[in-house]
Amino acid sequence: MSPLTLLPLIVLIGAMFLMTRSAKKKQQQATDMRSQMQPGSGVRTIGGMYATVKEVSEDTVLLDAGPGVELLFAKNAIGAVLTDDEYNRIVHGIEHDLKSDSDVVPDDASSLTDSADADETADEAAAASDEKSVDLGKKDEPAQAGEKAAEPEAQQAEADEEPEKTDGDSDAKK
């Protein structure tokens, strides 16, 4: 046989060797990670649940998922052992900020302005609102008592002009 015909076979065997080697490497890393678990570590299961390790035995792990919730998992079901900062960020929403507090920008810009300017602006706004008050919730009341009596009659006339509303049944095709 010529070396040219054996070349595809050699490449195929080499690719299989490299794939199995990388798979074994990943499996070894996962085993090492799971063996480093200790009580108090934050973990994520392969199902996506976050919990704290309470006890570690040879094949199982007892997890504390919340107040009064203890779950027993196989060690193989642990997807990742998290650092304390990462666990607190994900579960409790606590960000560990390495920057100093002086560099923090406030959420609202009102604290960036002078308090004297803010007081003057607030006083001007209050004065402008006192000048013309508009009540959008009330109707104008009739000026005379005769208009009060005519008002119900006008409403009755409008109601008579409107067609009656039905629940969809029509008398025409019965």
Side-chain angles (χ1 to χ4, degrees), residues 1-130 132-138 165 167-168:
M1 274 195 177
S2 72
L4 193 56
T5 57
L6 291 177
L7 186 62
L9 184 63
I10 293 170
V11 170
L12 183 63
I13 291 172
M16 288 174 51
F17 174 74
L18 291 176
M19 285 190 290
T20 57
R21 183 175 175 201
S22 66
K24 283 183 183 179
K25 205 179 227 184
K26 286 181 183 179
Q27 189 176 14
Q28 183 62 36
Q29 287 175 344
T31 304
D32 292 343
M33 179 245 340
R34 289 181 185 116
S35 66
Q36 293 174 356
M37 272 190 303
Q38 52 188 334
S41 300
V43 296
R44 181 184 68 234
T45 65
I46 58 174
M49 183 183 73
Y50 292 91
T52 306
V53 176
K54 194 164 185 181
E55 291 179 16
V56 179
S57 66
E58 189 175 326
D59 294 330
T60 60
V61 179
L62 184 65
L63 300 179
D64 183 16
V69 180
E70 293 180 354
L71 305 166
L72 187 64
F73 275 83
K75 265 190 176 180
N76 292 338
I78 303 301
V81 177
L82 308 172
T83 63
D84 290 339
D85 289 339
E86 186 178 13
Y87 181 77
N88 287 332
R89 180 182 58 82
I90 294 170
V91 175
H92 303 295
I94 300 171
E95 286 287 332
H96 181 67
D97 192 11
L98 299 176
K99 297 180 182 178
S100 67
D101 291 337
S102 63
D103 296 340
V104 175
V105 177
D107 287 339
D108 94 28
S110 64
S111 64
L112 299 175
T113 60
D114 281 345
S115 60
D117 291 340
D119 291 341
E120 290 175 9
T121 308
D123 292 340
E124 290 173 6
S129 66
D130 289 342
K132 52 180 179 179
S133 64
V134 177
D135 189 6
L136 301 175
K138 294 182 180 178
K165 294 183 181 176
D167 60 345

Look at atom CG of Leu18 and say whether more than 12 heavy atoms of other residues, nucleotides or ligands are closer to it than 6.0 Å.
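Counting neighbours around CG of Leu18, more than 12 heavy atoms of other residues, nucleotides or ligands fall under 6.0 Å, so yes.
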Find the distance between [atom1] ([X]) and [atom2] ([Y]) and round it off to the nearest 0.5 Å.
{"X": "Asn76", "Y": "Thr31", "atom1": "CG", "atom2": "OG1", "answer": "7.5 Å"}
{"X": "Leu72", "Y": "Lys54", "atom1": "CG", "atom2": "NZ", "answer": "12.0 Å"}
{"X": "Arg89", "Y": "Thr83", "atom1": "CZ", "atom2": "OG1", "answer": "8.5 Å"}

Under 3.5 Å, is there a donor-acceptor pair linking the side chains of Asp32 and Gln28?
yes
Does the pair Ile78 and Leu63 meet the rule for a side chain to side chain contact (heavy atoms under 4.5 Å, CB included), with working shown?
CA-CA 10 Å; Ile78 303 301; Leu63 300 179; 4.1 Å; yes
Can you list the steps and then say if Ile90 with Arg44 is a side chain to side chain contact (heavy atoms under 4.5 Å, CB included)?
CA-CA 10 Å; Ile90 294 170; Arg44 181 184 68 234; 5.8 Å; no
For Thr52, side-chain hydrogen bond (donor to acceptor under 3.5 Å, both in side chains) partners two or more places apart
Tyr87
Contacts of Ser57 meeting side-chain hydrogen bond (donor to acceptor under 3.5 Å, both in side chains) (sequence neighbours excluded), chain-then-number -> Thr60
Side chain to side chain contact (heavy atoms under 4.5 Å, CB included) evaluation trace for Asp59 with Lys75
CA-CA 6 Å; Asp59 294 330; Lys75 265 190 176 180; 5.9 Å; no
Please give me the minimum heavy-atom distance between Ala65 and Ala51, naming the atom from each residue.
CA-CB, 4.1 Å
Is Val43 close to Phe73 at the side-chain level, that is, under 4.5 Å between some pair of heavy atoms?
no
